[in-house]
Amino acid sequence: FVTRCFCEYKSQVVYYDERISSSSFLAMLRAYILDNQAVARNLLGSVLMSGGHEVIGDGNHSSTNLAKMVKLQPQIVCVDIGEPDQTGLALLENLKVQLPKALIFLVSARIDAEIIAAAQSRGVAGFIVKPFNATAVLSSIRNTILRIASQARSKQQDDPVLAAAASPAAQDPNHPE
């Protein structure tokens, strides 16, 4: 049994299909990969496509690639910032400003508590660890989307105005209610 679900993240509606009878999950989201290593981009792209995502582009951190990515408006950005220094952290801040609706995933071989805190404070929604494990990558994306959807549902239930706006009648004027 499959149900069509959605979550709203920063005013962007993200639709996904969730299998109710099992833990399998399919989210067809548009992704862009930023990594200075072509091999890593290709591997991550293969993993994302095998998970049902559409990879709409990839590239290094050049200004040309960043402009291309902003023009394409991906829903997911997977970015390896290299060293988590001021330049890398500034890239995360720039991505969040340029793509406020995108879910940003930090890709790194080294993720510790300090990096997690610094990345999250700059708008990173999730983390992908190198070397890539397809199951772990897709689970990270899935769990991040479910966490955001759950937070949106909780917020919606706590706010009567949001709850009324999300009702079937409010979304479909032809809905009998």
Side-chain angles (χ1 to χ4, degrees), residues 2 5 7 9-10 12 14-19 22-149:
V2 178
C5 302
C7 72
Y9 177 72
K10 301 218 176 181
Q12 178 179 7
V14 177
Y15 288 95
Y16 58 92
D17 294 333
E18 186 169 354
R19 296 193 183 279
S22 70
S23 62
S24 64
F25 171 81
L26 177 63
M28 300 275 220
L29 300 176
R30 294 181 335 276
Y32 198 98
I33 303 167
L34 283 176
D35 195 314
N36 285 332
Q37 299 177 359
V39 171
R41 290 193 308 263
N42 291 336
L43 286 171
L44 184 54
S46 294
V47 169
L48 293 173
M49 287 186 293
S50 74
H53 301 286
E54 178 187 2
V55 177
I56 58 172
D58 65 50
N60 59 24
H61 298 162
S62 72
S63 58
T64 304
N65 281 323
L66 293 173
K68 175 183 168 187
M69 180 187 59
V70 170
K71 184 177 180 180
L72 292 171
Q73 291 292 302
Q75 295 165 304
I76 296 175
V77 176
C78 300
V79 58
D80 185 336
I81 61 171
E83 290 299 314
D85 56 14
Q86 292 303 331
T87 304
L89 296 174
L91 175 61
L92 294 176
E93 289 172 350
N94 184 36
L95 290 175
K96 205 61 199 163
V97 168
Q98 296 284 328
L99 297 166
K101 296 178 182 180
L103 296 175
I104 298 173
F105 287 83
L106 179 63
V107 179
S108 181
R110 196 185 100 210
I111 296 179
D112 59 30
E114 186 178 326
I115 293 171
I116 290 172
Q120 286 178 328
S121 72
R122 288 164 175 84
V124 170
F127 300 88
I128 297 173
V129 179
K130 286 182 177 178
F132 301 121
N133 171 306
T135 303
V137 169
L138 297 173
S139 291
S140 176
I141 293 170
R142 174 188 184 274
N143 291 340
T144 299
I145 292 169
L146 290 175
R147 176 177 44 83
I148 290 168

Side-chain contact test, heavy atoms from C-beta onward, threshold under 4.5 Å: evaluate it for [X] versus [Y] and give yes or no.
X	Y	answer
Ile141	Thr144	no
Val137	Phe105	no
Leu48	Leu44	yes
Val79	His61	yes
Leu99	Gln73	yes
Ile128	Val47	no
Asp58	Asp35	no
Met69	Val77	yes

Exactly one of Val107, Asn60, Leu66, Ile81 clears side chain to side chain contact (heavy atoms under 4.5 Å, CB included) with Leu34, and that residue is Leu66
Say whether, by atom type as modelled, one donor and one acceptor occur between the side chain of [X] and the main chain of [Y] under 3.5 angstrom.
X	Y	answer
Arg110	Ile115	no
Glu54	Arg30	no
Ser46	Asn42	yes
Arg122	Glu93	no
Ser108	Ile111	no

- Message: So which atom in Ala40 and which in Phe132 form the shortest heavy-atom distance, rounded to 0.1 Å?
- Response: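 That closest heavy-atom pairing would be O-CE1, 3.5 Å.
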Heavy atoms of Pro74 and Ala102 approach each other most closely as O-CB, 3.5 Å
Nearest 0.5 Å, what's the [atom1]-[atom2] distance between [X] and [Y]?
X	Y	atom1	atom2	result
Ile76	Ile145	CD1	CD1	5.0 Å
Arg142	Thr135	CZ	OG1	12.0 Å
Leu89	Glu83	CG	CD	10.5 Å
Gln75	Ile56	CD	CD1	8.0 Å

Sorted by chain and residue number, the side-chain contact (heavy atoms from CB on, under 4.5 Å) partners of Val124 (sequence neighbours excluded) come out as Leu92, Ile104, Leu106, Ala119, Phe127
Sorted by chain and residue number, the side-chain contact (heavy atoms from CB on, under 4.5 Å) partners of Asn143 (sequence neighbours excluded) come out as Ser139
